[in-house]
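Data block below; observations after.
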Amino acid sequence: MSNYGITLAGMRYDSMLESYVLNSTATRHDLDSVARKYLGEETIHYEDVAGKGVKQLRFDEVSIDQAAPYAAEDADVTLRLHGTLWPQLQSTGRLAEVYETIEQPLLPVLGRMEERGVLVDANLLGELSAEFAEKMAAVEIEAHQVAGHPFNLSSPKQLQEILFEELKLPIIRKTPKGQPSTAEDVLAELAPDYALPQLILDFRSLSKLKSTYTDKLPNQIFAKTGRIHTSYHQAVAATGRLSSSDPNLQNIPIRTQEGRRIRQAFTAPDDFVLLAADYSQIELRIMAHISGDKGLLTAFADDRDIHQATAAEVFDVALDDVTSDLRRSAKAINFGLIYGMSAFGLARQLGISRAQAQDYVNLYFARYPGVKAYMDATRAQAQEKGYVETVFGRRLYLPEINARQAPRRQYAERSAINAPMQGTAADIIKKAMIAVDTWLQEEKVDARLIMQVHDELVLEVRRDQADQVKARIIELMNGAAHLEAPLKVDVGVGNNWDEAH
DNA sequence: CATGTCACG
DNA sequence: ACGTACGTGACATGA
């Protein structure tokens, strides 16, 4: 509508979002699926009237005879769905509040972000593509020499034959289908003893960056605006997070030097800068809040380096005596806790024995008994009620929490541990986005929200207003929730997304 | 379309 | 005995 100069005054209720808040996992949330589940009706599908694939018609090419019943049914079904979904939301805990204070007001914010888009430097990406292509060609020649014959470095099947049949390297792990795995951690383990795995790792890393980012992103610049316009999906992730597609702007590289050069291609127009604001350790702060663990709360109240503080506690050394190795182990433990860790998983992550990993877990829980109590209470609540919830009352149902098959049950248990933290973080940043957008609309300041990456907001700001906007963004993000452990926001400003970090 | 892999938080 | 850290989306291969 906006593309045709039509500004909507506002809206209330959206059957897709109602279905998502009511139960994020039980169904997909497109109109066809929701009508099937809640009304027991099979709707006319878009493909029925427009066809599918390359021959699919635009809706303006569909005859009125066909279009009218389809469109009328959409309106009818939507209204009737609201009639059944809204009362259920109102009678289920705080779900109506989640809908009204988070999801519905977020919708136009996301609309404006998608419409605005982000400026990307196609020339820089082109240069990177050429550079990556050269490096890949060199690696490929060397790999073919080591293998003794040419092969497709991008084919896991061919690679697996060469590594494990021809060269007889040890099989470290198998894929779910029983094939010898050639995944990154496997190749990294083989790399010290054999030449080919490192070459494959180098090739894969370059190939990923080139095919997914430097080759593709320039093609996704929309000619009319000169910008990239992603789609944010508000009813996909079970935990309440957003997702992004076409293109996905929530997985732009950052971890390697070459990856960061891709971020440099995300820029601001003349006289503008990019401002990146991210929540520091938000999930651990939420864990401290929900568990009420004294030690964890104190660490955050004192604004300590949380991984260093954890290391000092678990390994019983003074803060100043925490080595980088101890800190790395503590960091793995902290992440593991957020993910519903098993000793096995921690052992694999740290490359230590399972018994050693179990010792670490036991030590952690002895030092942070509140966290242990929280983990137990969460599992118990999930088993009794069949769901867990975020600080703001968003629910995640876990139908397999009492499954007889252990793998399914354990998977549900890990989700039960993780979902309240990941989901609360999602709630908080959504509230922050609404607050920031409201301020930007009122204040008429020359700045706009551009991207969201789970714990980070990216804005485009007129250069001379950067300081003022930065200060206000920090206030608004910190004010999105009041937890026992204070929120913390780090902000960077720069000419591109890399510089803003 | 399934599979394996890998980019991000 | 079994498979194992949470949540996503995109790509190339190969059937």
Side-chain angles (χ1 to χ4, degrees), chain A residues 24-25 151-160 173-188 200-201 203-217 220 230-233 236-256 258-260 262-263 278-283 287 332-350 354 357 361 375 388 396 398 404-423 425-426 429 451-457 497:
Chain A
S24 65
T25 50
F151 68 102
N152 185 343
L153 276 72
S154 299
S155 166
K157 188 161 172 278
Q158 294 181 33
L159 180 64
Q160 168 244 313
R173 186 156 51 83
K174 294 195 172 175
T175 69
K177 288 290 164 199
Q179 298 303 305
S181 171
T182 66
E184 183 177 300
D185 57 329
V186 169
L187 297 184
I200 299 297
L201 287 171
F203 181 88
R204 284 220 184 119
S205 149
L206 291 164
S207 166
K208 182 79 174 183
L209 297 182
K210 181 169 183 293
S211 68
T212 306
Y213 304 104
T214 60
D215 284 352
K216 289 292 187 314
L217 287 174
Q220 304 189 273
T230 187
S231 295
Y232 287 106
H233 303 278
V236 170
T239 53
R241 272 191 180 181
L242 299 176
S243 77
S244 157
S245 72
D246 308 299
N248 183 353
L249 296 185
Q250 292 180 322
N251 72 346
I252 301 301
I254 191 170
R255 291 174 190 175
T256 66
E258 277 153 337
R260 298 178 77 103
I262 294 172
R263 287 208 167 207
D278 68 279
Y279 283 112
S280 168
Q281 306 293 357
I282 188 166
E283 293 187 5
M287 185 166 86
I333 294 170
N334 280 329
F335 274 108
L337 287 160
I338 293 170
Y339 296 153
M341 170 166 65
S342 67
F344 180 96
L346 181 64
R348 198 173 92 167
Q349 182 66 37
L350 285 176
R354 209 177 142 163
V361 175
M375 301 275 165
V388 292
L396 178 69
L398 298 159
R404 274 191 293 280
Q405 286 149 299
R408 286 173 178 240
R409 187 177 65 245
Q410 289 161 355
Y411 179 72
E413 284 176 7
R414 293 194 296 274
S415 300
I417 300 291
N418 175 258
M421 292 180 272
Q422 190 180 121
I429 197 165
M451 291 186 281
Q452 188 254 40
V453 192
H454 307 307
D455 64 358
E456 171 183 9
L457 297 180
W497 199 4

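In the text below, chain A, chain B and the rest are named by the order of the sequence lines, each starting its count at 1.
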Touch class at under 4.0 angstrom, heavy-atom based, for [X] against every strand present:
| X | value |
| --- | --- |
| Ser207(A) | nothing |
| Arg354(A) | base |
| Ala332(A) | base |
| Gln349(A) | base |
| Tyr411(A) | sugar-phosphate |
| Arg414(A) | sugar-phosphate |
| Gly336(A) | base |
| Leu337(A) | nothing |
| Ala425(A) | nothing |

Heavy atoms from C-beta onward define the side chain here; which of [options] lies closest to that of [X]?
| X | options | value |
| --- | --- | --- |
| Tyr213(A) | dA7(B), dT5(B), dG7(C) | dA7(B) |
| Lys216(A) | dC11(C), dT5(B), dT8(C) | dC11(C) |
| Lys157(A) | dA15(C), dG9(B), dT8(C) | dA15(C) |
| Thr175(A) | dG9(B), dT4(C), dT5(B) | dT5(B) |
| Thr212(A) | dA10(C), dT4(C), dC8(B) | dA10(C) |
| Met341(A) | dT13(C), dA5(C), dG9(B) | dA5(C) |
| Ser154(A) | dA12(C), dC8(B), dA5(C) | dA12(C) |
| Phe344(A) | dT5(B), dT4(C), dG9(B) | dT4(C) |
| Ala183(A) | dG9(C), dC8(B), dC6(B) | dC6(B) |

For atom [atom1] of [X] and atom [atom2] of [N], their distance in whole Å:
| X | N | atom1 | atom2 | answer |
| --- | --- | --- | --- | --- |
| Leu217(A) | dG9(C) | CG | C1' | 13 Å |
| Gln452(A) | dC8(B) | CD | C1' | 12 Å |
| Ile200(A) | dC6(B) | CD1 | P | 10 Å |
| Leu206(A) | dC11(C) | CG | P | 18 Å |
| Leu201(A) | dT5(B) | CG | C1' | 12 Å |
| Gln158(A) | dA15(C) | CD | P | 10 Å |
| Gln179(A) | dA2(B) | CD | C1' | 13 Å |
| Asn334(A) | dC6(C) | CG | P | 17 Å |

OP1, OP2 of [N] versus side-chain N and O of [X]: anything below 4.0 Å?
| X | N | result |
| --- | --- | --- |
| Arg408(A) | dG3(C) | no |
| Lys177(A) | dT3(B) | yes |
| Arg348(A) | dA5(C) | yes |
| Ser205(A) | dC6(B) | no |
| Ser181(A) | dT5(B) | yes |

Members of residues 244-252 of chain A that approach DNA chain C, where some heavy atom sits under 4.0 Å away
Ser244(A), Ser245(A), Asp246(A), Asn248(A)
DNA chain C: 5'-proximal contact among Pro407(A) and Gln422(A) (nearest heavy atom):
Pro407(A)
How long is the span from the [atom1] atom in [X] to the [atom2] atom in [Y], to the nearest 0.5 Å?
| X | Y | atom1 | atom2 | answer |
| --- | --- | --- | --- | --- |
| Lys208(A) | Ser154(A) | NZ | OG | 11.5 Å |
| His454(A) | Gln452(A) | NE2 | CD | 6.5 Å |
| Asp246(A) | His233(A) | CG | NE2 | 6.0 Å |
| Phe151(A) | Lys157(A) | CZ | NZ | 14.0 Å |
| Leu337(A) | Asn418(A) | CG | CG | 11.5 Å |
| Leu249(A) | Gln220(A) | CG | CD | 8.5 Å |

Quick check: does any side chain N or O of [X] sit under 3.5 Å from a backbone N or O of [Y], one acting as donor and the other as acceptor?
| X | Y | value |
| --- | --- | --- |
| Ser244(A) | Tyr232(A) | no |
| Gln158(A) | Asn152(A) | yes |
| Arg263(A) | Ile252(A) | yes |

Pick the P atom in dG4(B) and in dT4(C), then give their distance to the nearest Å.
12 Å
Distance check, C1' atoms only: dC8(B) and dG3(C), in whole angstrom units.
26 Å
Within the supplied structure, the quantity of interest is the number of heavy atoms (other residues, nucleotides, ligands) at a distance under 6.0 Å from Arg408(A) CZ; does it exceed 12?
no
Donor-acceptor pair (no angle test) under 3.5 Å: [X] side chain, [N] base:
| X | N | value |
| --- | --- | --- |
| Arg204(A) | dG4(B) | no |
| Gln410(A) | dG3(C) | yes |
| Ser155(A) | dT13(C) | no |
| Glu184(A) | dC6(B) | no |

Worked verdict on Glu258(A) versus Leu206(A) for side-chain contact (heavy atoms from CB on, under 4.5 Å):
CA-CA 9 Å; Glu258(A) 277 153 337; Leu206(A) 291 164; 3.9 Å; yes
Need the pair for dG7(C). Rule: Watson-Crick or G-U wobble, both distances under 3.5 Å, any strand; none if unpaired.
dC8(B)
